[in-house]
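To keep things clear, I will list the structure first and then write my remarks on it.
Residue numbers start from 1 in every chain, and the chains themselves are labelled A, B, ... in the order their sequence lines are given, proteins ahead of strands.
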Amino acid sequence: AQKITQTQPGMFVQEKEAVTLDCTYDTSDPSYGLFWYKQPSSGEMIFLIYQGSYDQQNATEGRYSLNFQKARKSANLVISASQLGDSAMYFCAMRFVYSGAGSYQLTFGKGTKLSVIP
Amino acid sequence: KAGVTQTPRYLIKTRGQQVTLSCSPISGHRSVSWYQQTPGQGLQFLFEYFSETQRNKGNFPGRFSGRQFSNSRSEMNVSTLELGDSALYLCASSSTGAGHGYTFGSGTRLTVV
């Protein structure tokens, strides 16, 4: 079964500093995708970054980068130069294929609440 | 282009009633997935529809059902509401379900009293 673990329920970071949010996953499937989403208090899930299991390089999207360590099954999100607007819940998710019907679903971790301090 | 639209945004229902939530995906997207988010259980997969067919369903009771129309709009229905059904219901659309192009709506916050 697929499982995503986020061990940090809450994190604080000073504005303009970098922060790392941890995510480990468990799967026996060699083909999978890893996502990070941001959820502000409004509720909408905002896509941040994606890493495919066969991607050789770590994904980057602006101030977001994904530290992908396949052997350790970890996919940590690094946010550089934190801003006050980064305060939100952050979810790590894995997509796998439900091979029976060619369906895809996302499995989410419990999330990390990030608070950026001025 | 327009994003994923979920209606209504907020809903209050009484235990025992039924409710229908709507999701309009991004134009051209044929896959719509639904997720339930609660403080206790987190985000859980409900079901996925692709071209009007349910391809997969999560571990939820039969009171939870859904459908997808020919224009890819999707509805989910919960019958005989229970207090524990209070949650944020999120829908996500993508072109096929593969790749990484999932776009979520803002959700419908359902409160059962």
Side-chain angles (χ1 to χ4, degrees), chain A residues 1-10 23 29 31-55 59-61 64 66 68 75 88-113, chain B residues 3-11 21 23 26 29-51 53-60 66 68 87-111:
Chain A
Q2 323 293 326
K3 187 177 180 182
I4 295 278
T5 303
Q6 294 180 255
T7 57
Q8 306 152 315
C23 172
D29 193 332
S31 178
Y32 51 88
L34 294 159
F35 300 75
W36 276 92
Y37 285 92
K38 172 185 177 181
Q39 187 179 44
S41 56
S42 60
E44 183 180 3
M45 298 288 279
I46 301 168
F47 168 77
L48 295 177
I49 199 166
Y50 169 82
Q51 180 87 41
S53 59
Y54 296 116
D55 293 344
T60 59
E61 290 282 351
Y64 305 106
L66 200 152
F68 181 46
M89 284 292 292
Y90 288 80
F91 291 93
C92 180
M94 180 191 312
R95 183 202 68 223
F96 67 98
V97 180
Y98 178 65
S99 58
S103 171
Y104 304 86
Q105 69 182 68
L106 296 174
T107 298
F108 287 87
K110 293 291 188 185
T112 296
K113 184 173 182 180
Chain B
V4 178
T5 303
Q6 290 190 246
T7 56
R9 284 281 280 137
Y10 301 92
L11 207 49
L21 312 181
C23 173
I26 288 174
H29 282 191
R30 296 162 66 189
S31 169
V32 174
S33 301
W34 289 88
Y35 293 83
Q36 181 198 63
Q37 184 177 22
T38 60
Q41 299 298 315
L43 282 145
Q44 293 185 286
F45 171 76
L46 278 158
F47 21 65
E48 188 221 358
Y49 288 88
F50 183 81
S51 293
T53 301
Q54 185 183 89
R55 292 205 292 198
N56 191 9
K57 185 175 181 186
N59 189 23
F60 279 83
Q68 187 179 33
L88 178 66
Y89 290 88
L90 291 161
C91 113
S93 83
S94 71
S95 55
T96 63
H100 58 285
Y102 295 90
T103 304
F104 281 83
S106 297
T108 294
R109 192 168 295 277
L110 171 66
T111 302

(Q) Are Phe108(A) and Tyr35(B) an aromatic pair, judged by ring center distance below 6.0 Å? (A) yes
Q.
Once rounded to the nearest 0.5 Å, what's the spacing between atom SG of Cys91(B) and atom CE of Met45(A)?
A. 12.5 Å
Q: Please report the closest heavy-atom contact between Phe45(B) and Leu106(A), naming both atoms and the distance.
A: CB-O, 4.4 Å
Q: Could you tell me whether the side chain of Leu43(B) reaches within less than 4.5 Å of the side chain of Tyr37(A), counting heavy atoms only?
A: no
Q) Top residue by heavy-atom pair count (under 4.5 Å) with chain B, among Gly111(A), Gly43(A), Ala93(A), Gly109(A)? A) Gly43(A)
Q) Distance from Glu44(A) atom CD to Gln6(B) atom CD, nearest 0.5 Å? A) 9.5 Å
(Q) Taking side chain as everything from C-beta outward and backbone as N, CA, C, O, which of these in Gln44(B) sits under 4.5 Å from a heavy atom of chain A? Side chain, backbone, both or neither. (A) neither
(Q) With a 6.0 Å cut-off on the ring centroids, do Phe47(A) and Tyr102(B) count as close? (A) no
**Q.** Exercise: identify the closest heavy-atom pair between Arg9(B) and Ser42(A)
**A.** NH2-O, 3.5 Å
Q) Mind checking what makes ring pair (Phe, Tyr, Trp, His ring centres under 6.0 Å) contact with Tyr64(A), not counting sequence neighbours? A) none
Q: Go through the steps for Leu88(B) and Gln39(A) under the test side-chain contact (heavy atoms from CB on, under 4.5 Å), then give the verdict.
A: CA-CA 12 Å; Leu88(B) 178 66; Gln39(A) 187 179 44; 3.7 Å; yes
Q) Partners of Gln2(A) by side chain to side chain contact (heavy atoms under 4.5 Å, CB included), sequence neighbours excluded? A) Thr27(A), Met94(A), Phe96(A), Thr107(A)
